[in-house]
Amino acid sequence: MTFEGQEKLALLESRIANLQADTQKRRSWYKEPSILVAVLALVVSVASAYATYQQNVEQKSKEARSELGQVIQRISDLSQESGAEIKNGKEQVTGRQPRVGLDSERVALAQRAADIIREIPQDVSAHECYLVAQAFYDSDRYAESVEIAKIGTSKKVDWKTHPRLYRIEGGALFGQGKLDDARKAMQAAIDTAPTDPHDERIYSQAYSENFWAIWERKVRACDEARQHFKNAKLMAGLLASESYRISMNEYVGDAEPACR
């Protein structure tokens, strides 16, 4: 080998040695106490911050749940307060005088409950959503009613509550003029009726058919209204319980005036 070749080889070996040294340094950063302390401090800081965040989230959720329970209880109480009794000369109750401001208070409470439900949708029940959606529905606040009802129907199926939620959603959609969506919701109310006992399932379905018919009549869809009234009557006839049958027949009979 020539001198020039030896010189190039020596230079190449030197560069390889330097690269190996650099590589060793990069691989050995974890052996440096100062670096290890800094990394450990960072890990502890992140873990502590996450734990604090989780605690805050859980605390806020508990506070929201507590407030929601109180608000919904008040909504439920107001739903049962229909004002002073109106009596005839024989002291028989013939009606009730609506309480001034009851509806506006109920709507205000429903709005607060809706805000909380939007904050913690994963922590609310279908029944709680039903009570809030019903309050909006009763006050013709159809958009809010549909929104909260949909949150309720996204929950694990509750065979008693889901048909009610779908009925509210359907009625509110009818009120908004969204007929196709309304009919889908009403069909869902029928399809999610209780599986048993027999009378509860039939009663729920008959009630949904009748409710559906009332809304079809309101939007002047008379053929549809007559068909759903007919379905409700047929189902009422299938009820084994006489008290259920009488109750449903009265309900259907009161709601069936001619559609024009």
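- Separating the OG atom in Ser208 from the CG atom in Asn231 is a distance of 11.5 Å, to the nearest 0.5 Å.
- Checked by atom type and distance alone, the side chain of Asp199 pairs as donor or acceptor with a backbone atom of Ala240 at under 3.5 Å.
- Paired with Tyr166 under the rule side chain to side chain contact (heavy atoms under 4.5 Å, CB included), one option of Thr161, Asp191, Thr192 passes, and it is Thr192.
- When hydrophobic residues (I, L, V, M, F, W, Y) are linked wherever their side-chain heavy atoms come within less than 4.5 Å, the members clustered with Trp159 are Val157.
- Clustering of Ile, Leu, Val, Met, Phe, Trp and Tyr side chains at separations under 4.5 Å leaves Leu234 isolated, with no partner residue.
- Applying the side-chain contact (heavy atoms from CB on, under 4.5 Å) test to Gln122 and every residue at least two apart in sequence or in another chain returns Ile120.
- Put simply, Ile151 and Phe136 are part of the same group of oily side chains (I, L, V, M, F, W, Y) that touch within less than 4.5 Å, one to the next.
- In this structure, Glu224 does not pair ionically with Arg217, as no charged nitrogen and carboxylate oxygen lie closer than 4.0 Å.
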Quiz item: Between Arg183 and Glu216, does a salt bridge (charged side-chain N to carboxylate O under 4.0 Å, His left out) hold up when you go through it step by step?
Solution: CA-CA 9 Å; Arg183 288 163 181 152; Glu216 293 287 6; 2.8 Å; yes
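- Salt-bridge check for Arg74 with Glu105: passed, with a basic side-chain N closer than 4.0 Å to an acidic carboxylate O.
- Nearest heavy atoms, Ala133 versus Ile148: N-CG2, 4.0 Å.
- Counting only heavy atoms from C-beta outward, the side chains of Glu209 and Phe229 never approach each other to under 4.5 Å.
- Residue pairs meeting the salt bridge (charged side-chain N to carboxylate O under 4.0 Å, His left out) criterion with at least one member in residues 138-148, sequence neighbours excluded, are Arg106-Asp138, Arg118-Glu147, Arg141-Glu144.
- For the pair Phe174/Lys218, no side-chain contact is recorded, criterion being any heavy-atom separation below 4.5 Å from C-beta on.
- Applying the ring-ring contact (aromatic ring centres under 6.0 Å, His included) test to every pair with at least one member in residues 178-210, sequence neighbours left out, gives these pairs: Tyr203-Tyr244, Tyr207-Tyr251.
- Distance check, rounded to the nearest 0.5 Å: OG of Ser145 to OH of Tyr137 gives 8.0 Å.
- Gly152 and Leu165 make their closest contact through C-CD1, 3.6 Å (heavy atoms, listed as atom of the first residue, atom of the second, distance).
- In terms of the salt bridge (Lys or Arg N to Asp or Glu O under 4.0 Å) criterion, residue partners of Glu67 (sequence neighbours excluded) are, by chain and number, Arg112.
- Minimum heavy-atom separation, Met248 to Ala236: CG-CB, 3.5 Å.
- Smallest separation of non-hydrogen atoms from Val107 and Ser139: CG2-OG, 3.1 Å.
- The two atoms that bring Ala135 and Ala110 nearest to each other are CB-CB, 3.9 Å, heavy atoms only.
- Note that NE2 of His228 and CZ of Arg226 are 12.5 Å apart. Values are rounded to the nearest 0.5 Å.
- Trp212 and Val146 fall into different hydrophobic clusters, defined by Ile, Leu, Val, Met, Phe, Trp and Tyr side-chain heavy atoms under 4.5 Å apart, directly or through other members.
- Criterion: ILVMFWY side-chain heavy atoms under 4.5 Å apart, direct or through other members. Under it, Val219 and Leu173 are not part of a common hydrophobic cluster.
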Please list, one pair per line, the donor and acceptor atoms closer than 3.5 Å that link side chains of residues 123-132 to other protein atoms, with sequence neighbours excluded.
from, atom 1, to, atom 2, distance (Å)
Asp123, OD2, Ser61, OG, 2.8
Ser125, OG, Glu128, N, 3.1
Ser125, OG, Glu128, OE1, 3.4
Glu128, OE1, Arg65, NH1, 3.0
Glu128, OE1, Ser125, N, 2.9
Glu128, OE2, Arg65, NH1, 3.2
Glu128, OE2, Arg65, NH2, 2.9
Tyr130, OH, Gln134, OE1, 3.4

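- Atom CD1 of Ile75 and atom CD of Gln73 lie 10.0 Å apart (nearest 0.5 Å).
- By the side chain to side chain donor-acceptor pair (under 3.5 Å) test, Ser66 pairs with no residue at all, sequence neighbours left out.
- Ring planes of Tyr142 and Trp215: perpendicular class, angle over 60° (limits at 30 and 60°).
- Using modelled atom types, one side-chain atom of His162 and one backbone atom of Lys155 make a donor-acceptor pair closer than 3.5 Å.
- Partners of Gln111 by side chain to side chain donor-acceptor pair (under 3.5 Å), not counting sequence neighbours: none found.
- Legend: residues meeting side-chain contact (heavy atoms from CB on, under 4.5 Å) with Ala193, ordered by chain and number and at least two apart, are Arg201, Ser204, Gln205.
- Applying the salt bridge (Lys or Arg N to Asp or Glu O under 4.0 Å) criterion to Asp180, with sequence neighbours excluded, gives no partner residue.
- Listed by first then second residue, pairs satisfying salt bridge (charged side-chain N to carboxylate O under 4.0 Å, His left out) with a partner in residues 161-178 read Lys150-Glu169, not counting sequence neighbours.
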